[in-house]
2 protein chains.
Amino acid sequence: MVNRSDSLDRVFRALADPTRRAMLTRLAKGQASIGTLGDPFAMTKAAVTKHVKVLERAGLLVRAVEGRVHTCRIDPAPLTKAEQWVEQVRSFWEGRLDELSNYLANTESRRAP
Amino acid sequence: MVNRSDSLDRVFRALADPTRRAMLTRLAKGQASIGTLGDPFAMTKAAVTKHVKVLERAGLLVRAVEGRVHTCRIDPAPLTKAEQWVEQVRSFWEGRLDELSNYLANTESRRAP
DNA sequence: GTTATTGTTTACCGCATGGTAAACCGTTCG
DNA sequence: CGAACGGTTTACCATGCGGTAAACAATAAC
């Protein structure tokens, strides 16, 4: 029941690579062909193809084939989902009153042995 | 010069696993021992140890050893950094005026061959 | 019609990852 | 003391991942 290969899995995994993050940063400024996307990196076109595929399967990148050039644009929706997950955890943590009392109790018991 | 094993790498990689995300969700509600943390999952203690280590090395989890029990609490700072990265990309994308004109030009050239 | 351009595909390699089993270590309890 | 408890460590395994080289496919240019 673990919902394996969840979409969040793919999104976070895609974001866990500096090359892919740089590609997204580039795409955030405007669409680009795959060649342009891979230009800043010293790697094979095959490697670039793989990275683009990872981003694509995470839903972060959308491809528009026109002739022999594949133009890529970013899709921010999965970013929003990931951000919401993080924010949810953080908000839970922000409102942790029992946790705070726990911490105080702990500190107290340590300070007054 | 790619700044390998960047902290964002470790954070996003840590978040890319459903078990680890569930552990963080649990920890957001309050601190817990490692045994308690691993309780919901059908896996060995060794596996739980590994997951906790991944979270720890990503800076998302802090451990307090007291006797034989290791109490874990969440540290939201790396979450904030990750969130900021995502938000930065999104904000870049939100203000993509040239991208919009690009898109329009593209559409135009397709509609008027 | 040949040649160059843009990307993909297909092995293949090295290494990290998620998991297990089993031995181990330190602490607590009876 | 010895036994149980809470975690870690050490092999070990299967799988996935990032990367390459080389062959291929399709479109554009000459």
Side-chain angles (χ1 to χ4, degrees), chain A residues 2-6 8-24 26-27 31-58 60-73 109-110 113, chain B residues 1-24 26-27 31-58 60-73 109-110 113:
Chain A
V2 184
N3 195 4
R4 204 189 305 275
S5 104
D6 189 282
L8 278 181
D9 286 30
R10 287 192 288 266
V11 173
F12 282 127
R13 185 135 235 166
L15 296 181
D17 185 279
T19 301
R20 251 124 54 188
R21 283 202 305 276
M23 285 178 169
L24 281 187
R26 168 64 183 79
L27 282 182
Q31 51 183 212
S33 75
I34 290 192
T36 305
L37 254 190
D39 224 39
F41 313 106
M43 59 177 68
T44 321
K45 293 184 172 186
V48 175
T49 294
K50 281 190 183 181
H51 281 302
V52 168
K53 264 193 202 169
V54 170
L55 289 168
E56 199 175 14
R57 278 193 286 248
L60 289 162
L61 181 152
V62 175
R63 181 193 310 239
V65 181
E66 186 139 7
R68 67 183 168 182
V69 56
H70 297 205
T71 300
C72 306
R73 64 173 176 82
S109 70
R110 278 177 132 189
Chain B
M1 258 37 123
V2 182
N3 194 2
R4 202 189 304 275
S5 106
D6 189 281
S7 83
L8 277 181
D9 287 30
R10 287 192 289 267
V11 173
F12 282 128
R13 186 136 231 162
L15 295 181
D17 184 281
T19 300
R20 251 123 55 188
R21 285 201 305 278
M23 285 178 168
L24 281 187
R26 168 64 183 81
L27 281 182
Q31 51 183 213
S33 76
I34 291 193
T36 305
L37 254 190
D39 222 39
F41 313 107
M43 58 177 68
T44 319
K45 292 183 171 187
V48 174
T49 293
K50 282 190 182 179
H51 281 301
V52 168
K53 264 193 202 167
V54 171
L55 290 169
E56 200 175 14
R57 278 195 285 250
L60 290 162
L61 181 151
V62 176
R63 182 192 311 237
V65 181
E66 186 139 7
R68 67 184 170 184
V69 55
H70 297 205
T71 300
C72 307
R73 66 175 175 81
S109 69
R110 277 177 133 191

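Here is the naming used below: chain letters follow the sequence lines, and residue numbers restart at 1 for every chain.
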| Nucleotide of D:dG19, D:dT9, C:dG18 approaching B:Lys53 most closely (side-chain heavy atoms) | D:dT9
| said: From the set D:dC17, D:dT9, C:dT6, return the single nucleotide nearest to any side-chain atom of A:Val69. | reply: C:dT6
| request: Round to a whole Å and report the spacing from CE of B:Met43 to P of D:dA14. | output: 19 Å
| query | Which whole-number value in Å describes the distance from B:Asp9 CG to D:dG18 P? | reply | 11 Å
| task | Name the closest nucleotide to the A:Ser33 side chain, picking from D:dT9, D:dG19, C:dG7. | result | C:dG7
| note | Separation of D:dT27 atom P from A:His70 atom NE2, nearest Å, is 9 Å
| task | May I have the distance from B:Lys45 (atom NZ) to C:dA22 (atom C1'), rounded to whole angstrom? | result | 14 Å
| message | Taking A:Asp9 first and then B:Arg21, would you say they form a salt bridge - that is, a charged N and a carboxylate O separated by under 4.0 Å? | response | yes
| Separation of C:dT5 C1' from A:Asp39 CG (nearest whole Å) | 14 Å
| query | With a 4.0 Å cut-off on heavy atoms, is B:Ala16 in touch with a base, just the backbone sugar-phosphate, or nothing at all? | reply | nothing
| The side chain of A:Arg68 lies closest to which of these nucleotides: C:dT8, D:dA29, D:dT20? | D:dA29
| Smallest separation among heavy atoms of A:Ala32 and A:Arg26, with atom names | CB-NH2, 3.6 Å
| task | Measure the spacing between CG of B:Asp17 and CE of B:Met23 and express it to the nearest 0.5 Å. | result | 8.5 Å
| request: Please determine if a side-chain N or O atom of B:Thr44 lies less than 4.0 Å away from the OP1 or OP2 oxygen of C:dG19. | output: no
| request: Check the distance between C:dG18's C1' and B:Leu15's CG and give it to me in whole angstrom. | output: 17 Å
| query | Would you say A:Thr49 reaches C:dG7's phosphate, i.e. side-chain N/O to OP1/OP2 under 4.0 Å? | reply | no
| task | Return the 5'-most residue of the pair B:Arg13, A:Val48 with respect to DNA chain C, ranking by each residue's nearest nucleotide. | result | A:Val48
| said: Using side-chain heavy atoms (C-beta onward) and a distance below 4.5 Å, is A:Leu15 in contact with A:Leu24? | reply: yes
| request: Taking only the side-chain nitrogens and oxygens of B:His51, find out if one of them lies under 4.0 Å from OP1 or OP2 of C:dT17. | output: no
| said: I want to check something: taking the side chain as every heavy atom from C-beta on, are A:Thr71 and A:Glu66 in contact at a cut-off of under 4.5 Å? | reply: no
| query | When all nucleic acid strands are considered with a 4.0 Å heavy-atom cut-off, which category describes A:Ala14: base, sugar-phosphate, or nothing? | reply | nothing
| query | Where the side chain of A:Ala46 is defined as all heavy atoms beyond and including C-beta, which of C:dT8, D:dA21, C:dT6 is the nearest nucleotide? | reply | D:dA21
| message | Let's see if you can work this out: which of C:dT9, D:dG6, C:dT20 has an atom nearest to the side-chain heavy atoms of B:Lys50? | response | C:dT20
| query | What integer distance in Å separates B:Leu55:CG from C:dT17:P? | reply | 13 Å
| query | Taking OP1 and OP2 of C:dG18, is either one under 4.0 Å from a side-chain nitrogen or oxygen of B:Arg20? | reply | yes
| field | Min side-chain heavy-atom separation B:Arg63-B:Val52 under 4.5 Å | value | yes
| request: Could you check how far CZ of A:Phe41 sits from P of C:dG7, rounded to whole Å? | output: 15 Å
